[in-house]
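Would you mind keeping the following structure in view while I ask a few things?
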Amino acid sequence: MVNLIRMDLYRMRKARSFIVCLILAFVLALIYMPLGKLIFTLAKSLSSEFNETFIAEMSLSNIIINPFPMMGMMMALLSLCYFFYADVENGYIKNIAGQMPLKGFTVLSKFIAAIVHNLIFAAAGIAGNLIGSMLVQKVVTDGNLLDSIRVLVLRLMLLQSISAILLMAVATLRSKSLGMILAVVFGMGLTGLIYSGISEALKPVFGQGTDISGFMPDSVMGRFPLDTFKALAVSIGWGGVFLLLAIRVFDRKDVK
């Protein structure tokens, strides 16, 4: 199992899709604040009634709690999609799975490798955002650094639960197209309308206050302040269910 994880990590860091998506995530994070200042300056020059002032200082804690600015999460999920599908696409999944006591170990290995993958993308997003912010603002430290680390860890756990959903779609159901659709929908924050529609359909059964978005990992990730207990429950719940389901289904399918 250890050798399988090492192999997955090696394949991941050598993949062109990983390198390209990582560079894009860093560049997008780098231009996030400079682009914001440019838009702000243009708006102020075009309207005499625009009296707002650009924020001169940015706290380090605010940068840390936002590891995926400007489509960074979509880049990370698209990279995962390519990684999860690589062994199926290249035709060597049968050789790999055949050497394991349980075929589902290949799914578990990808999930563990995704933890390292998401940490790398988070680090790239934070580094890019920090450098970009320093170009147009003064970055200051504050008393919220410990809490920002708490929020960062929780958001990474929530991202890992989304990764489990993506793993189920791509590696187990072997649908790269479905995985890419999910990556874009989750990464661009387009799930709100879907959740609203499902909530409306469930209201006759569960009451008018029904709102499933409060229990979805991507929705919880974007809320502030981030409740520790709720974030843990949602991430462990969704991640555990989809990981176990992905392993179980993969074990029962023929590997082709």
Side-chain angles (χ1 to χ4, degrees), residues 1 3-30 67-97 99-100 103-128 155-191 217-218 221 238-239 242-243 245-247 249-250 253 255-256:
M1 184 66 188
N3 288 334
L4 183 59
I5 296 171
R6 290 175 61 187
M7 182 193 70
D8 277 331
L9 290 173
Y10 178 81
R11 284 196 305 111
M12 180 187 74
R13 67 183 179 86
K14 289 294 184 179
R16 184 179 301 175
S17 56
F18 171 77
I19 297 172
V20 170
C21 289
L22 184 62
I23 292 174
L24 286 174
F26 175 80
V27 172
L28 289 169
L30 180 67
F68 305 108
M70 202 169 174
M71 298 188 294
M73 192 167 98
M74 187 181 75
M75 291 295 106
L77 293 178
L78 285 173
S79 174
L80 277 178
C81 182
Y82 282 102
F83 168 60
F84 290 157
Y85 196 71
D87 49 9
V88 176
E89 189 172 45
N90 295 321
Y92 51 81
I93 179 61
K94 189 171 184 178
N95 293 332
I96 299 173
Q99 300 178 31
M100 295 293 105
K103 291 182 294 184
F105 280 179
T106 60
V107 176
L108 179 59
S109 174
K110 290 184 180 69
F111 182 78
I112 295 173
I115 297 174
V116 178
H117 174 281
N118 293 338
L119 283 171
I120 293 173
F121 270 82
I126 292 172
R155 285 184 170 170
L156 285 172
M157 290 183 66
L158 290 164
L159 177 61
Q160 194 64 25
S161 66
I162 297 174
S163 301
I165 298 173
L166 197 66
L167 181 64
M168 174 69 186
V170 178
T172 302
L173 301 182
R174 299 173 194 170
S175 177
K176 185 179 180 180
S177 57
L178 175 59
M180 294 184 73
I181 292 171
L182 289 174
V184 172
V185 170
F186 278 118
M188 295 293 291
L190 303 177
T191 55
D218 57 317
M221 188 187 302
W238 284 102
F242 274 91
L243 176 60
L245 186 61
I247 293 173
V249 173
F250 192 86
K253 291 182 69 173
V255 179
K256 298 180 181 180

* Could you tell me the separation between the CG atom of Asn3 and the OH atom of Tyr10, rounded to the nearest 0.5 Å? =>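 One finds 14.5 Å between CG of Asn3 and OH of Tyr10.
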*Student check: side-chain heavy atoms of Asp8 and Ile5 closer than 4.5 Å*: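 SC-SC contact between Asp8 and Ile5 ruled out.
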For residues 74-84, which residue pairs qualify under side-chain hydrogen bond (donor to acceptor under 3.5 Å, both in side chains), counting only residues two or more places apart or in two chains?
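The answer is Ser79-His117.
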Q: Apply side chain to side chain contact (heavy atoms under 4.5 Å, CB included) to Ser175 and list each qualifying residue two or more places apart in sequence or on a separate chain.
A: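 Residues passing side chain to side chain contact (heavy atoms under 4.5 Å, CB included) with Ser175: Ser177, Leu178.
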Quick one: list whatever passes side chain to side chain contact (heavy atoms under 4.5 Å, CB included) with Ala15, sequence neighbours left out.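 Scan of Ala15 (side chain to side chain contact (heavy atoms under 4.5 Å, CB included), adjacent residues dropped) gives Ser17, Phe18.
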Check: With a 4.5 Å limit on heavy-atom distance, are the side chains of Phe68 and Leu156 in contact?
Finding: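 Yes; the side chains approach each other to less than 4.5 Å.
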Just to verify, what does Met74 make a side chain to side chain contact (heavy atoms under 4.5 Å, CB included) with, not counting sequence neighbours?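 Residues passing side chain to side chain contact (heavy atoms under 4.5 Å, CB included) with Met74: Met71, Leu78, Val184, Met188.
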Next on the checklist: For Gly179 versus Val170, what's the shortest heavy-atom pair and its separation?
Outcome noted: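 Heavy atoms only, the tightest pair is CA-CG2, 3.5 Å.
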Problem - Phe111 side chain near Gln160 side chain, heavy-atom distance below 4.5 Å - result: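 In contact.
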Q: Using side chain to side chain contact (heavy atoms under 4.5 Å, CB included) as the criterion, list what pairs up with Val27, not counting sequence neighbours.
A: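 Once residues adjacent in sequence are excluded, the partners of Val27 under the side chain to side chain contact (heavy atoms under 4.5 Å, CB included) criterion are Ile23.
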Just verifying a value: how many Å separate Leu245 CG and Thr172 OG1, rounded to the nearest 0.5 Å?
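Leu245 CG to Thr172 OG1: 7.5 Å, rounded to 0.5 Å.
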Worksheet item: In Å, rounded to the nearest 0.5 Å, how long is the span from CG of Leu182 to CZ of Phe186?
Response: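 Going from the CG atom of Leu182 to the CZ atom of Phe186 covers 6.0 Å.
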| field | Nearest-0.5 Å distance, CE of residue Met157 to CD1 of residue Ile115 | value |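 Between Met157 CE and Ile115 CD1, I get 9.5 Å after rounding to 0.5 Å.
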Show me the donor-acceptor pairs, under 3.5 Å and distance only, between side chains in residues 162-169 and residues at least two apart or in other chains.
| from | atom 1 | to | atom 2 | distance (Å) |
| --- | --- | --- | --- | --- |
| Ser163 | OG | Asn118 | ND2 | 3.2 |
| Ser163 | OG | Leu159 | O | 2.9 |

Item to complete: Quick one: pull up CZ in Arg155 and CG in Asp218 and give me the separation to the nearest 0.5 Å.
Response: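 Arg155 atom CZ to Asp218 atom CG measures 12.0 Å (nearest 0.5 Å).
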Discussion item. So which atom in Ser161 and which in Trp238 form the shortest heavy-atom distance, rounded to 0.1 Å?
Written reply: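 Taking Ser161 first and Trp238 second, the nearest heavy atoms are CB-CB, 4.1 Å.
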